[in-house]
Each structure stands twice: as C-alpha cells, then as structure tokens.
Amino acid sequence: MNLVCPDCGAKLARLRCSGCRRRFEAHDGVPILLPLRTSEQQLAYRANYDRLARDDLIEPVTANRYETLHVPLLDFIGQTKDARILDIGSAYGSYLTKMQAAEKVALDIALPYLVTIPEGITRICADAEALPVRPEDFDLIILADILEHLLEPEPLIERLLACKGRIVVHIPWQEDISVYRDSKYEFVHLRSFTPDLFADMFAGFDVVREQHVAVTGTETTFVIFELRVRQPGVWLLSTRGRPDACQRVLDACTELGMSSAGVVYVDETVEEYAGIRLPANWTIHYEPEWGSLQAAMSWCHETYPDAGSYGWLADDTLPRTQGWDKLLEARAGQWRLAYAKDLWLSERDYTLRELEEGSNLSSGLCWGGGLVREVGWWALPGVRQAGIDTAWTEIVRPLGLHRYTADVTVEHENYRTGKRERDAIDDWTRPDAEDYISRDIEIRNQWVLSEDYRELLRRLGAHSRIGAAYAATRYGKAKDPQRMLQYVLTMSEFNERFMSGGLPAARLDALLREFEDVR
C-alpha cells in the first residue's frame, strides 16, 4: 500500500509529502492524513463525528448492529483470504476484525474509533473525500454506511474509478431522512438513495450483484451492492466479400461520433479489404478461411474476455444516430441485450410488436458483458450462422432482459427491403459445405428443449441482478416472476418429452394440468 498526500496527491515517505513537502503527524500510532485546506463546515463535520464516535463507543448509537448490519455484509462479501482490503468509514473496524486477509486497512475520519482497533489492522485517520491511499492497491474496497454521510461523495467516487478489484457498497435504501432532523448530531443522513440517484452516482460502474436486507420490526431496508469499474465495450463488424459496404458502415461510425472500440473481422476474402480505412479505436482481424458468424463472435469473445459489452454490426447495417454506440451500451448495461430501430422490422406492426416483446431482434445488437460471461458464450456452440439470434431471444425474453431502443437507429439495408441488390453473400448455401443452415436450426431447436437450456435459465433467474418481472406482463398475469420463469422451464421440459414421441394420453393430461398449475 502506498500513502499519498491528501492535498497534492504525491507519495508520502515517513509521513512527509514528496510533492508539497507537508509533514503529517501520528496519534497513538495512527497517521493523521487530513487535508490542510478545510472550510468551517468541514471542521464542524469532523468535530461532529469525533463526538459521535466517543458516544458510540460508550453506548452504541445503532441497536443490534451486529445482526442487522455485520452478518449480512460479511456473508455477502464471502471469502477474502489473500485479499488486500480497504474499509472506508471503518469506524472501530468491526468488519475487518472478523475477516481473514493479506492486508487490512481501516480508514475513518473519527480518531476515537481508530485508536480502539486492535493490532494487525493498518489504521488511517482521513477524509473519504480526500483519500490518502490509491484504490488500485486493493482487491476489495468496502463502503459500508458511509455514502449517506458524506458532504460531497463525488471526489471519492471519481477516485474509485482507479480500482481494479471489487467494491462493496452497503447503504440504507429509499429512507425518509426527515427523521434525522431532531438528531443531536449534525450531518447524519444527508441523502436518501433511490435507484436513479444510485445509478447517477455510480454511472462509471457495473453492478455485479446486489442483496436487499430488511431490518426486522422496522420499515428500514438496506441494499448491498458489489460493483466493478465498467470496462470499455467492443463492437464486432463481421464482413466477407463486401469491402465497399464495410467502408460505408465504418464511415458512418466516424461521422456519428462513435467512441467505443471496434474490430473488423474479415474471413476468406482477405485481399479485398487491403484498402479499408479504420475509425479511431478500431482494429482489423483477417481470417483466411471461411468460418461464419459463429467463428467471428467466438473469436471476439475469446480475444476480449473482460469487455464491458459486446456489440455486433453486419456490413449492411448503418448507424444513423449520433453517439449510438454509447446509448446502446448504456441501455444494455451488464445484464441486458439492447437493440436499435432498424427501419425494417421496426416499420411493420407485427414485427415491431415482436421487437418490443423480445421474440425478435433487429440491428445494432449490444449485449451486456456480464450477461455474456454468465451464459458462457456469445454464439450458441455448434451453430454456424442460423439460430444465433433466436437462441438469445429464448434467453432474454423469459427473463425480461431485452431492451428495444427505439430512440437509436441502426438501419438494416437487407436486400429484402429493396434498398440494395441481392448479392452472392446473401446466399447462405455453399458448394463446399454441408447444408449448415438446416443443421444450425436443428441444433438450436434441440438446445431449447434440453436440460442445459433449462439449467441456464434457472441459473440466470437466480442471479441477484437478473429479474423475471417482464415475464409476468408477457403471460398476462400479475404473479410472482419466479413462478413465471418456472412456467417457461416447465414448458421446455414438457416440449422435450412431448417431441420425443410415444407419450401416453394419460401422461399428457397430467402434464397439461401441471402446466396450468404453474400458469
């Protein structure tokens, strides 16, 4: 761990800043690394929390703190052996003392708390809004019941963008902070966290998982989040035999201010793309042999395993909206599949309804990185081209993870629209290959009927960041989302047994009654 100056950010050596040369003091072995420039409000804030800490150590301010706060948080964090942990707003180190780790650092603004922490834990008296440590030095950073107390949390959040590990946040959720007006302490709860406020504050982060904890006998609810700094997304443009069309797509990306990274994947017709002009942040990959869309997507997934999102463009899909890439990435987040208005399927009532309900997909598709990693593949294994999109509709639709984004346009100039002539690339049959389209469709259909598919839905449905709330709307009954997910799973199992043939009529009747129960 490296200590840095809270004033200028330079490294500290023996509590002396190598930049501004300020020397810091220690009290009872605790370095006092508070910023020099402070307002009257900040001085009052420090004095208030020193007083609160002294009182809390005599008589706890929060009743049943261990049961209501400590146990759920420690269970949520899980194994920390060999980790380097920073607890910001640590108080008297109640979490850290119960955790095994390679390094444990307690940071708090109230010195009375810190001097009570036992040996084996590094203690730092500091202001969270002027961190004297580097977040990138830690594998786990804990923010437990501190964000609601900070005068200005923005400087802390900005510093956390350097974190390369996990960030665990514990906050009261949608509380009535007017109850603190008569408190004998100042600066108690300065904000009430709502979904919008939390999303705005942590716009540069992805929520990996979350847990809601209700306090028995009260209306208080806490939420625990695990966050990671959002990694940049990557867009794949797969193309073959259409260099001019590919260039049009790339030029549109440049004209519309695309800022995300991209990669052009060219297979088989490599020599035709020698003169391609790439936008900033783009690269090109040449594959001499034909491998189809599945090969392109699998290569991209393997090459960029930690991407924040995975987007796909065909060489006949043209972005038409300024900043389209970031808009779709934001809509996808970590756990959804977003897609744009395509000026084809989006223009007909029936197919528009399919796009809105997630049973069909358009263009400008963008998958959240967490979703792809949780599924384990980007393109269904075994298929080459057909069935990739419909495999994903069978995942996102029952779980409500589809996001049709009508305010973003990525025009699909499919030959069926009459916007261009049909060419040889549109003919999916190949003289040197088996009828892979029929084979792809068969693989996809068998997968939807398999236990592998049902187990995937169960795993995704149990994930703390994935809800099936949309399913209740889709099936027309306001029931528990998990029951609606169970309906989809049971239907898959029924179809597998029914399609296998030889099902006795009595068994069929029993199964139908079972499905009606689930519905």
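- Under the rule for a side-chain contact (heavy atoms from CB on, under 4.5 Å), the partners of L327 that lie at least two apart in sequence or sit in another chain are T321, V408.
- A 4.5 Å side-chain heavy-atom check between T38 and Y45 finds every atom pair outside the cut-off.
- Counting only distance, with no hydrogens or angles, the side chain of D108 and the backbone of A91 share a donor-acceptor pair below 3.5 Å.
- Using a 4.0 Å cut-off between charged side-chain N and carboxylate O, R353 and E356 make no salt bridge.
- I443 approaches P381 most closely through the heavy-atom pair CG2-O, 4.1 Å.
- No side-chain heavy atom of T97 sits less than 4.5 Å from a side-chain heavy atom of Y92.
- A side-chain donor-acceptor contact under 3.5 Å links H402 to the backbone of E357.
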### Query
salt bridge (Lys or Arg N to Asp or Glu O under 4.0 Å) between E451 and R458: does it pass, once the steps are laid out?
CA-CA 10 Å; E451 181 58 28; R458 291 188 195 100; 2.7 Å; yes

### Derivation of the side-chain contact (heavy atoms from CB on, under 4.5 Å) call for D87 and I121
CA-CA 10 Å; D87 186 357; I121 298 175; over 6 Å; no

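- Under a 3.5 Å cut-off, the side chain of R336 and the backbone N or O of V396 do not form any donor-acceptor pair.
- Under the 30°/60° scheme for interplanar angles, the aromatic rings of Y404 and Y339 are found to be tilted.
- Residue pairs that meet the salt bridge (Lys or Arg N to Asp or Glu O under 4.0 Å) test with at least one member in residues 162-175, sequence neighbours left out, are R166-E226.
- For the pair V133 and F138, the minimum side-chain heavy-atom distance is below 4.5 Å.
- Around atom CD of Q174, more than 12 heavy atoms belonging to other residues, nucleotides or ligands sit under 6.0 Å away.
- A donor-acceptor pair under 3.5 Å is absent between the side-chain atoms of S192 and the main chain of D176, judged by distance alone.
- Between F76 and H170, the ring center distance fails the sub-6.0 Å criterion.
- In this structure, the side chains of D28 and L111 stay at 4.5 Å or more apart for every pair of heavy atoms.
- Atoms CG and CD1, on L86 and I167 in that order, are 10.0 Å from each other to the nearest 0.5 Å.
- The aromatic rings of F198 and F193 lie perpendicular to each other, with more than 60° between the two planes, well past the 30° mark.
- In terms of modelled atom types and a separation under 3.5 Å, the side chain of R54 and the main chain of P112 share no donor-acceptor contact.
- Across all their heavy atoms, C163 and V229 have their closest contact at O-CG2, 3.3 Å.
- S309 places no side-chain N or O within donor-acceptor distance of the main-chain N or O of C366, the cut-off being under 3.5 Å.
- In this structure the side chain of L456 reaches within 4.5 angstrom of the side chain of W447, judged on heavy atoms.
- Ring centers of Y310 and W367: at least 6.0 Å apart, outside the cut-off.
- Closest heavy-atom contact between L190 and H149: CD1-O, 3.4 Å.
- Looking at T194 and D196, their side chains never bring a donor and an acceptor atom within 3.5 Å of each other.
- To the nearest 0.5 Å, atom CD1 of residue I77 and atom NZ of residue K98 are 12.0 Å apart.
- Remark: side-chain polar atoms of E152 are not paired, donor with acceptor, to backbone N or O of L150 under 3.5 angstrom.
- Between D7 and P35 the shortest side-chain heavy-atom distance falls below 4.5 Å.
- Under the 6.0 Å cut-off for aromatic ring centres, W312 and W392 do not qualify, their centroids lying 6.0 Å or more apart.
- You'll find the side chain of D145 reaches within 4.5 Å of the side chain of F222, heavy atoms only.
- In summary, the side chains of W377 and Q294 do not present any donor paired with an acceptor at a separation below 3.5 Å, with no hydrogens or angles considered.
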#### Entry: Candidate pair I124 and L3, rule side-chain contact (heavy atoms from CB on, under 4.5 Å), full reasoning
CA-CA 10 Å; I124 302 173; L3 294 177; 3.7 Å; yes

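- Annotation: side chain of M99 is in contact with side chain of I142 (closest heavy-atom distance under 4.5 Å).
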### Message
side-chain contact (heavy atoms from CB on, under 4.5 Å) for L328 and W235? Distances and angles first, verdict last.
### Response
CA-CA 11 Å; L328 288 169; W235 285 82; 3.9 Å; yes

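- Remark: aromatic rings of H70 and Y95 are close, center separation under 6.0 Å.
- Here the side chain of R454 pairs a donor or acceptor atom with the backbone of L449 at under 3.5 angstrom.
- The main-chain N or O of S39 is found under 3.5 Å from a side-chain atom of Q42 such that the two form a donor-acceptor pair.
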### Task
Check the pair D137 / V105 against side-chain contact (heavy atoms from CB on, under 4.5 Å), numbers first and verdict last.
CA-CA 11 Å; D137 289 341; V105 178; over 6 Å; no

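- Exactly one of Y113, Y185, Y49 qualifies for a side-chain hydrogen bond (donor to acceptor under 3.5 Å, both in side chains) with D56. That residue is Y113.
- Annotation for Q79: atom CD counts as buried by contact number, over 12 foreign heavy atoms lying within 6.0 Å.
- The backbone N or O of D389 lies less than 3.5 Å from no partner atom in the side chain of R444, so there is not a single donor-acceptor pair.
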